[in-house]
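Nothing here was measured: the structure is a model prediction, and the numbers come from that model. Below, each value reflects all heavy atoms present in this structure, side chains not excepted, and no hydrogens, waters or symmetry copies.
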Amino acid sequence: MEGIEHKTISTNGLNIHIAHKGESGPLVLFIHGFPELWYSWRHQILFLAGHAYRAVAPDLRGYGDTTGAPNNDPTKFTIHHLVGDMVGVIDAFAKEGEKVFVVGHDWGAIIAWHLCMFRPDKVKGLVNMSVPFLPWNPDGDMATLLTRAHGEDHYMSRFQKPGDIEAELGKMSAETVMKKFLTYREPDQIYFPKGEGFRYSPGDTPATLPPWLSEEDVQYFASYLQKTGITGAVNYYRASHLSWELTTAWKGAKVTVPTKFIIGDLDLTYHMPGLKDYIIGDQFKKDVPLLEDVVVMEGVAHFINQEKPDEVNKHIIEFLQKF
């Protein structure tokens with residue numbers, strides 16, 4: 001991919017694979033989401049490296065060419081582990097005393113919010129996409145709350161039992177699984193009724209690729225899903241309750257890093273209970289006092305940085321150039 005380089009660093013007991021480009025300039029850390037890879041940021045890496053930034057994008061714990069995560073133990077996938085991994089990446093690439101820019105999407109956004117909350121000394125500015133800051137909720141963790149709201153067929157509920165969703169998705173090819181996830185455009189939630197696969201698009205239903213996603217892109221993602229399985233990725237959800245327990249001390253804590261937030265109006269996250277009002281209302285700004293801008297892109301679904309790379313690149317660099 002046009003000079004993108006690859007290296008592996010050892011940190012937190014892992015060997016973390018990192019794609020990077022750019023020899024000089026401010027450092028930008030890209031954190032991918034579910035069920036993706038560093039490759040999700042291919043457009044942003046090339047763009048920012050071409051504008052005098054150093055772009056780094058790891059495969060997260062349990063994904064891609066990153067190895068060493070104990071996939072048979074979901075307790076090793078808490079938010080503290082995930083943030084610790086990113087601190088290790090920052091330390092490996094940042095100059096002494098250098099604060100970095102962070103760009104996150106989906107689970108990467110969740111990690112980025114917590115990185116900024118736990119270690120604001122490491123971060124100069126944040127651009128997050130698709131998942132807003134979710135303050136610690138005394139009513140329970142994210143998976144528990146969404147199961148209450150949407151029932152046992154909701155994807156977060158189906159992700160909880162080890163082996164369950166692995167068997168469900170194992171009935172499909174890795175290519176089909178990736179196509180189903182990446183092309184999902186319903187503002188409603190994703191459901192996996194037992195034995196039926198995706199409620200709205202069963203495994204035997206052909207998926208038409210949009211212009212922004214090629215067969216080669218799908219094959220890249222699928223090759224790693226085939227190699228690693230999906231257990232590492234769904235362990236993030238299986239550790240949700242433990243992460244909730246471990247972050248009790250951050251009840252009422254705010255994110256005090258300059259921030260820009262971007263989401264598509266067709267994103268299923270935007271339509272989760274209460275989130276749309278939270279994002280466009282006043283409370284988001286109260287929880288993230290240095291939130292400078294909220295961008296709701298029309299006609300765009302969840303995988304926003306891949307679907308609209310040029311627009312997203314423009315939003316990112318406009319924010320970074322303020323510093």
Side-chain angles (χ1 to χ4, degrees), residues 26-34 41 44 56 58 60 78-91 94 98-142 145 236 239-240 242-264 267 269-270 272 274-296 304-305 312 315-323:
L27 183 64
V28 185
L29 170 64
F30 291 95
I31 313 178
H32 72 76
F34 173 91
W41 299 111
Q44 286 72 42
V56 299
L60 297 183
T78 70
I79 194 63
H80 292 80
H81 291 91
L82 304 175
V83 170
D85 295 345
M86 295 305 99
V87 171
V89 173
I90 291 171
D91 289 346
E98 179 185 14
K99 288 189 173 185
V100 308
F101 293 110
V102 178
V103 181
H105 172 257
D106 186 76
W107 257 105
I110 296 172
I111 297 168
W113 290 122
H114 285 84
L115 171 62
C116 292
M117 193 162 59
F118 296 167
R119 295 300 304 272
D121 59 304
K122 295 283 187 183
V123 184
K124 184 184 298 185
L126 171 67
V127 179
N128 253 353
M129 302 176 210
S130 294
V131 180
F133 177 62
L134 301 173
W136 190 86
N137 190 332
D139 293 330
D141 64 279
M142 178 171 55
L145 295 174
Y236 291 49
S240 179
L242 179 56
S243 291
W244 176 78
E245 291 181 345
L246 294 174
T247 51
T248 304
W250 283 270
K251 178 182 180 181
K254 302 180 185 300
V255 171
T256 56
V257 168
T259 301
K260 184 172 191 172
F261 181 72
I262 309 170
I263 194 168
D267 194 320
T269 308
Y270 193 52
M272 285 181 175
L275 283 193
K276 182 176 181 180
D277 290 340
Y278 174 76
I279 289 167
I280 63 178
D282 296 330
Q283 190 58 47
F284 193 9
K285 175 71 172 177
K286 293 178 182 177
D287 293 331
V288 186
L290 299 181
L291 178 65
E292 296 186 5
D293 196 13
V294 172
V295 178
V296 180
I304 189 168
N305 51 307
V312 167
H315 283 301
I316 292 172
I317 202 164
E318 284 178 351
F319 179 76
L320 301 191
Q321 287 177 341
K322 294 180 180 180
F323 297 85

The reported gap from NZ in K276 to CD1 in I263 (rounded to nearest 0.5 angstrom) is 10.5 Å

Working for side-chain contact (heavy atoms from CB on, under 4.5 Å), residues V296 and Y270 | CA-CA 9 Å; V296 180; Y270 193 52; 3.9 Å; yes

Checking K122 side chain against I90 main chain: does a donor-acceptor pair fall under 3.5 Å?
-> no

Beyond-backbone contact of L82 with W107, side-chain heavy atoms, under 4.5 angstrom = yes

Can you name the ring-ring contact (aromatic ring centres under 6.0 Å, His included) partners of H114, sequence neighbours left out?
-> F118

Would you call I316 and F101 a side-chain contact if the rule is heavy atoms closer than 4.5 Å?
-> no

Closest non-hydrogen contact found for K260 with V295 is CE-CG2, 3.9 Å

Determine whether D85 and L60 make a side-chain contact, defined as any pair of heavy atoms from C-beta on separated by less than 4.5 Å.
-> no

From C116 SG over to K124 NZ, what is the distance, rounded to the nearest 0.5 angstrom?
-> 13.5 Å

Are side-chain heavy atoms of V102 and V100 found at a separation under 4.5 Å?
-> yes

More than 12 non-hydrogen atoms from neighbouring residues, nucleotides or ligands closer than 6.0 Å to NZ on K251, yes or no?
-> no

Are V103 and W41 side-chain neighbours, meaning at least one heavy-atom pair lies under 4.5 Å?
-> yes

For the student: nearest non-hydrogen atoms of L290 and K285, plus distance | C-NZ, 4.3 Å

What is the minimum heavy-atom distance between I304 and V312, and which atoms define it?
-> O-CG2, 3.7 Å

Of the non-hydrogen atoms in S243 and T247, which two are nearest, and what is the gap between them?
-> O-OG1, 2.8 Å

Shortest non-hydrogen contact between P120 and V257, atoms and distance = CB-CG2, 4.2 Å

Sorted by chain and number, sequence neighbours left out, ring-ring contact (aromatic ring centres under 6.0 Å, His included) with Y278 holds for F284

Hey, what do you get for CZ (R119) to NZ (K99), rounding to the nearest 0.5 Å?
-> 11.0 Å

Would you indicate whether the side-chain heavy atoms of Y236 and I111 approach each other to under 4.5 Å?
-> yes

Table please: side-chain donor-acceptor pairs of residues 125-137 below 3.5 Å, with sequence neighbours left out.
from : atom 1 : to   : atom 2 : distance (Å)
N128 : OD1    : G104 : N      : 3.3
N128 : ND2    : A109 : O      : 3.1
S130 : OG     : H105 : NE2    : 3.2
S130 : OG     : D267 : OD2    : 3.0
S130 : OG     : H302 : O      : 3.2
W136 : NE1    : W244 : O      : 2.8
N137 : OD1    : D139 : N      : 2.8

Nearest heavy-atom pair of K286 and K254: which atoms, and what distance?
-> O-NZ, 3.1 Å

I79 and L246, any side-chain heavy atoms less than 4.5 Å apart = no

